[in-house]
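Every chain is numbered from 1, with letters handed out A, B, ... down the list of sequences. Because the structure is predicted, anything quoted here is derived from the model rather than measured.
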Protein chains: 2
Amino acid sequence: MISENKQQKSTQKQGGDNSACKCGKWQRRKEDRPGEILFAALQVFSSKGFAAARLDEVAKKAGVSKGTLYLYFESKQALFKAVVTEFVLPQIQQAEEHAESYQGPIRDLMNNLLLHWQTHILQTELAGIPKMIIAEASNFPELAEFYVENVVNRVLAFISKLVKLGIERNEFRQCDPVNTARAFLTPMVFSAIWQHSMSVFDKGFDTKDYLDTHIEIVLDGLTKDNQA
Amino acid sequence: MISENKQQKSTQKQGGDNSACKCGKWQRRKEDRPGEILFAALQVFSSKGFAAARLDEVAKKAGVSKGTLYLYFESKQALFKAVVTEFVLPQIQQAEEHAESYQGPIRDLMNNLLLHWQTHILQTELAGIPKMIIAEASNFPELAEFYVENVVNRVLAFISKLVKLGIERNEFRQCDPVNTARAFLTPMVFSAIWQHSMSVFDKGFDTKDYLDTHIEIVLDGLTKDNQA
DNA sequence: CATAAATAACTGACTGGTTAGTTATTAAAC
DNA sequence: GTTTAATAACTAACCAGTCAGTTATTTATG
């Protein structure tokens, strides 16, 4: 009986709505609840934003009652914060490790990072997080501060270091590393924001074309002797 | 009495809070109310977003009671929409007219547009509108649709035309005009979004440096024979 | 092993505070 | 005195967070 329940769980993230599963209402699965709740919260927050997100909807998506949310998270804000920590930080970690072990031109590494963003992040609910943060920053300054310290600054430092390395290796022309890092990152962030807000209405927006143009302009603009 | 009030009004946008004025509570100024309310709404919406904006705060800022808002605007959403129409569309009109009468290199014209953005838009409450739209797009799809049709598509068409002209005149290299227009516009929009959300916490962000790097990369990247 | 008591996960109806929108009333204007 | 701008008290709805009650699971007992 117990093992059956635990196996059933493995398909949960595909469905996206645990309430569909046939298991009874009073299933006790202390281990799995936090993850299920966080994933449900990511979905609701990323599409509605913080203020408009309804905890009843999060609970329904996670297949629990609203009361259960409060067994695992202190408040709506704590849940919001946990979503960011849970889903964003591991991604950065992974990118840093990839760069660490990478041998080859910086240009190609940066191209890899952008490609990974395009194929593995933009498609997922993760892409909703930047919009969520920006939208709620002024109403929840504590969260914005947390995000800048743990995400923005860390990513900026990471990319700046790559640009600096590119200059040292004589791959890139002279430029300000931090601002160039921002120039490189902006369209990545923007593509995520746009996809999660306006792309439904902005029919002409094709993420791939947009990012291809971007990488062409920025990396060709940086690379020395890029004339064919 | 009336003329006194009207003169008093001219300083309103500096103060930003009409409730400070000593005129009596029952002043009847049918002509001026809509503008005052719209400006107050712009301020509140642009800093709080739609959902978190409180009509009581808008009313207080405009120096009226909440009931008065409903004499001039049908609903919160109608007010929101009016803010966009009132403040954004004239700016685009102006930019289009400037371009129309412009004689000289496209590169310089685009530089002008970016400079005007930097010095005349980014400083003002207007810069809060993009964030406001993006943040609320999924909760108010009708508004997002309205914005794409009236603002996004119009600006994209405008800039695309300039890029196309640049290619024809042999100033720019071959490229896709629409995606290049997006590449040019993205950091402008992003600077506005960032300024109205994260810049308080992201201390390293300097709008001028950021946009200078941007224009350098994009326009140098586009311009033919840009080797010194 | 069977059964009962204890514990802890979980539920859902409820509360208190908040706010968009309404309306009865007041005062200004002519 | 009539009309209308403006007010302020009001209502209806909504929702984060609570808690008393329900059920699954574990532990203790014979």
Side-chain angles (χ1 to χ4, degrees), chain A residues 1-6 8-9 18-19 21-37 40-41 44-45 48-83 136 139-140 143, chain B residues 1-6 9 18-19 21 23-37 40-41 44-45 48-83 136 139-140 143:
Chain A
M1 275 290 232
I2 296 167
S3 61
E4 261 181 47
N5 287 333
K6 295 211 166 150
Q8 197 168 30
K9 249 227 67 223
N18 295 325
S19 63
C21 83
K22 296 292 178 293
C23 51
K25 277 191 172 179
W26 289 87
Q27 290 295 334
R28 293 170 55 139
R29 299 188 290 105
K30 182 185 166 82
E31 304 287 308
D32 302 326
R33 295 298 192 206
E36 296 174 9
I37 292 168
V44 178
F45 281 143
K48 302 278 175 68
F50 182 78
R54 301 294 154 230
L55 289 186
D56 278 317
E57 195 184 341
V58 174
K60 196 185 164 191
K61 263 204 156 69
V64 296
S65 70
K66 193 166 67 169
T68 302
L69 300 184
Y70 285 87
L71 296 176
Y72 296 100
F73 301 96
E74 249 195 356
S75 64
K76 193 183 183 184
Q77 290 187 45
L79 181 59
F80 190 90
K81 220 164 165 173
V83 164
E136 308 293 346
N139 298 321
F140 302 92
L143 183 92
Chain B
M1 271 291 228
I2 294 170
S3 61
E4 260 183 47
N5 287 331
K6 293 210 169 153
K9 247 223 70 220
N18 294 324
S19 64
C21 82
C23 50
K25 277 193 172 179
W26 288 88
Q27 289 297 331
R28 293 164 58 130
R29 298 188 293 107
K30 186 184 165 79
E31 305 287 308
D32 301 328
R33 296 297 192 205
E36 296 174 9
I37 292 168
V44 179
F45 280 142
K48 302 279 175 69
F50 182 78
R54 300 294 154 230
L55 289 185
D56 278 318
E57 195 184 342
V58 174
K60 196 186 164 193
K61 264 204 155 66
V64 296
S65 71
K66 192 169 63 169
T68 302
L69 302 183
Y70 284 88
L71 296 177
Y72 297 100
F73 301 96
E74 250 197 353
S75 63
K76 193 184 182 183
Q77 291 187 46
L79 180 59
F80 190 89
K81 221 164 164 171
V83 164
E136 308 292 347
N139 298 323
F140 302 91
L143 183 93

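- Applying the side-chain hydrogen bond (donor to acceptor under 3.5 Å, both in side chains) test to A/Lys66 and every residue at least two apart in sequence or in another chain returns nothing.
- One finds no side-chain N or O of A/Arg29 lying less than 4.0 angstrom from the OP1 or OP2 phosphate oxygen of C/dA9.
- An OP1 or OP2 oxygen of C/dC10 is reached within less than 4.0 angstrom by no side-chain nitrogen or oxygen of A/Thr68.
- When rounded to the nearest whole Å, the span between NZ of B/Lys60 and C1' of C/dT19 equals 16 Å.
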B/S/- contact track for nucleotides 12-19 of chain D, protein heavy atom under 4.0 Å: ---SBBB-
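- Partners of A/Tyr70 under the ring pair (Phe, Tyr, Trp, His ring centres under 6.0 Å) rule, at least two apart in sequence or in another chain, do not exist in this structure.
- Every side-chain contact (heavy atoms from CB on, under 4.5 Å) that B/Ser65 has, sequence neighbours left out, goes to B/Thr68.
- Under the 30°/60° scheme for interplanar angles, the aromatic rings of B/Phe80 and B/Phe45 are found to stand perpendicular.
- Following rounding to the nearest Å, B/Tyr72 (OH) and C/dG21 (P) show an atom-to-atom distance of 19 Å.
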Distances under 3.5 Å between protein N/O atoms and the N/O atoms of nucleotides 20-24 of chain D, please, pair by pair.
residue : atom : partner : partner atom : Å
D/dA24  : N3   : A/Arg28 : NH1          : 2.6

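- Not a single ring pair (Phe, Tyr, Trp, His ring centres under 6.0 Å) links A/Phe73 to another residue, sequence neighbours left out.
- If you measure from atom CZ of B/Phe80 to atom P of C/dA20, you get 14 Å, rounded to the nearest angstrom.
- For B/Lys76, there are no side-chain hydrogen bond (donor to acceptor under 3.5 Å, both in side chains) partners at least two apart in sequence or on another chain.
- Between A/Glu31 atom CD and C/dA8 atom P there is a gap of 15 Å when expressed in whole angstrom units.
- In this view, B/Lys81 and B/Glu142 satisfy the side-chain hydrogen bond (donor to acceptor under 3.5 Å, both in side chains) rule, not counting sequence neighbours.
- Rounded to whole Å, the distance from NZ on B/Lys48 to P on C/dA20 is 11 Å.
- Not a single ring pair (Phe, Tyr, Trp, His ring centres under 6.0 Å) links A/Tyr72 to another residue, sequence neighbours left out.
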